[in-house]
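Remember, it's 1-based here, ligands and their atoms both numbered in the order they're listed.
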Amino acid sequence: MNYRHAYHAGNHADVFKHLVLTRLIALMSRKEQPFAYLDTHAGLGLYDLRGDQATRTGEWLEGIGRLWQATDRPALVDDYLRVINRMNPDGELRYYPGSPELSRRLMRQQDRVLLNEKHPEDGQLLKDNMKKDPRVAVHLGEGWHVPRALLPVPEKRAVMLIDPPFEQLDELQRCAKALKEAISRMRQTVVAIWYPIKDPRALRRFYQDLAGSGAPKLLRVELLVHPVDTPDSLNGSGLAIANPPWGLEEELRELLPWLAQLLGQTRGGWTLDWLIAES
Ligand SMILES: C[S@@+](CC[C@H](N)C(=O)[O-])C[C@H]1O[C@@H](n2cnc3c(N)ncnc32)[C@H](O)[C@@H]1O
């Protein structure tokens, strides 16, 4: 396990993923009934952008660094920015929330946050970072076991983020398998899989696997910062979202053109379509 998310925290892929996550949480919160948030590959929870690892890559400068400076932000960014503002009360951008911290801060008293991280050091840091919040449970185990270990949840409503490091060649296939498992255990689970846009051939196979997952509905959303065929580069990233809450598609159609323009490097772009349309 070589991957450490601290090198990449706040980059364009994190901004895209985390913004969509904030909208999922907001839309799930429209109903009073509680829901659970499950994070299979949770990372540390929060990050210091002035720390050694983030400084070495400087990736955040082209991600949250750009959004922080933007003056024309749409209202759909408010929840995300509110969390970051509260973490940086002096107005200087330094601390950045990972998916655990974002969800913890946005979820309600009646909701639960179930986090899993396998890296022993990062897992311990995650535990330390989350220990004051009684709604949060941290597991230090295998992320691919989360669907069968934790689903179905008693709340009967859940958002699950699947966000592996993509260090292993089979991780796209594992994501599709985890989706299938999650849906078979609790059909209405909102599952969001993050994936890198690097290798168009591997993605074609992944899309086929997703389309055969048995999910009732599956939305595909992608944000590009370089042309999709640029070799040896992270050209953007995608989220495949099973059972997206009503209203998400419209919100993303409003948000993505702005985000693509903000985060595009050699060329920004976005796509949104249904891999499985509602029957
Ligand atoms: C992309 S990062 C997660 C970032 C986090 N979800 C966020 O948005 O803030 C992937 C994480 O998965 C962890 N990891 C790698 N292999 C794992 C496995 N098999 N099970 C659980 N966690 C794993 C890594 O240590 C790393 O912290």
Side-chain angles (χ1 to χ4, degrees), residues 1-25 37-49 51 53-54 57 59-60 63-64 67 79-80 83-84 87 95-107 113-130 136-150 158-179 181-182 190-198 221 223 234 236-241:
M1 289 180 72
N2 293 319
Y3 181 94
R4 311 300 295 272
H5 196 65
Y7 289 99
H8 311 290
N11 70 3
H12 61 82
D14 253 13
V15 172
F16 166 63
K17 167 182 62 186
H18 292 153
L19 261 174
V20 175
L21 179 60
T22 66
R23 297 320 307 154
L24 284 174
I25 291 173
Y37 169 73
L38 284 68
D39 203 326
T40 60
H41 298 72
L44 305 189
L46 51 100
Y47 300 91
D48 181 356
L49 299 176
Q53 290 155 314
T57 63
E59 287 184 21
W60 65 271
I64 187 58
L67 193 142
D79 286 356
Y80 176 60
V83 171
I84 303 175
M87 291 173 69
Y95 296 105
Y96 182 77
S99 47
E101 184 68 9
L102 259 185
S103 44
R104 184 184 80 74
R105 287 190 181 240
L106 292 172
M107 288 172 73
V113 178
L114 310 176
L115 308 171
N116 184 77
E117 167 59 45
K118 190 176 177 186
H119 193 289
E121 269 174 49
D122 285 3
Q124 194 49 54
L125 288 168
L126 178 67
K127 273 199 161 180
D128 294 345
N129 287 334
M130 300 290 130
V136 180
V138 177
H139 303 263
L140 305 185
E142 172 51 62
W144 303 116
H145 293 167
V146 169
R148 69 170 166 277
L150 298 181
V159 175
M160 174 183 283
L161 176 64
I162 303 179
D163 184 20
F166 292 97
E167 287 182 309
Q168 318 275 343
L169 287 173
D170 65 349
E171 280 176 307
L172 284 172
Q173 280 140 283
R174 285 185 152 206
C175 283
K177 196 171 156 230
L179 168 64
E181 204 161 12
V190 178
V191 182
I193 303 173
W194 180 90
Y195 56 91
I197 299 184
K198 270 185 177 172
V221 194
L223 183 88
L234 179 64
S237 60
L239 282 166
I241 307 170

Exercise. Among protein heavy atoms, which lies nearest atom 20 (N) of ligand 1, and at what distance?
Worked result: Gly143 N, 2.8 Å
Problem set entry | Leu44 contact mode with ligand 1 (heavy-atom cut-off under 4.0 Å) | neither
Exercise. Identify the closest protein heavy atom to atom 9 (O) of ligand 1: which residue and atom is it, and at what distance?
Worked result: Ser99 N, 2.8 Å
Seminar exercise, completed: Asn116 heavy atoms within 4.0 Å reach ligand 1 at atoms 21 (C)
Exercise. Can a salt bridge be assigned to the pair Glu101 and Arg105 using a cut-off of 4.0 Å between side-chain N and carboxylate O?
Worked result: yes
Problem set entry | Heavy-atom nearest neighbour in the protein, as seen from atom 18 (C) of ligand 1, with distance rounded to 0.1 Å | Lys118 CD, 3.5 Å
Seminar exercise, completed: With heavy atoms and a 4.0 Å threshold, my read on which part of Glu167 contacts ligand 1 is neither
Seminar exercise, completed: Among non-hydrogen protein atoms, atom 19 (N) of ligand 1 lies closest to Glu142 OE2, 2.9 Å
For this session: Could you tell me if any non-hydrogen atom of His18 lies under 4.0 Å from any atom of ligand 1?
Result: yes
Exercise. Are the side chain of Gln53 and the backbone of Arg4 linked by a donor-acceptor contact shorter than 3.5 Å?
Worked result: no
For this session: Note the single closest protein heavy atom to atom 10 (C) of ligand 1, along with its residue, its atom name and the distance in Å.
Result: Asp163 O, 3.3 Å
Exercise. Between Tyr3 and His8, is the ring centre distance below 6.0 Å?
Worked result: yes
Problem set entry | For atom 16 (N) of ligand 1, the protein heavy atom that lies nearest, with its residue and separation | Met1 CE, 3.7 Å
Exercise. Under a heavy-atom criterion of less than 4.0 Å, does Leu102 contact ligand 1?
Worked result: no
Exercise. Considering only the protein, which heavy-atom contact is closest to atom 23 (C) of ligand 1, and what is its distance?
Worked result: His41 CD2, 3.3 Å
Problem set entry | Residue pair His5 / Asp14, side-chain donor-acceptor N/O under 3.5 Å | yes
Problem set entry | Heavy atom of the protein closest to atom 24 (C) of ligand 1 (residue, atom name, distance) | Glu117 OE2, 3.4 Å
Problem set entry | Glu171/Arg174 ion pair, N-O < 4.0 Å | no
Exercise. Only one of Thr22, Leu106, Ile84, Ile64 clears side-chain contact (heavy atoms from CB on, under 4.5 Å) with Pro97; which?
Worked result: Ile84
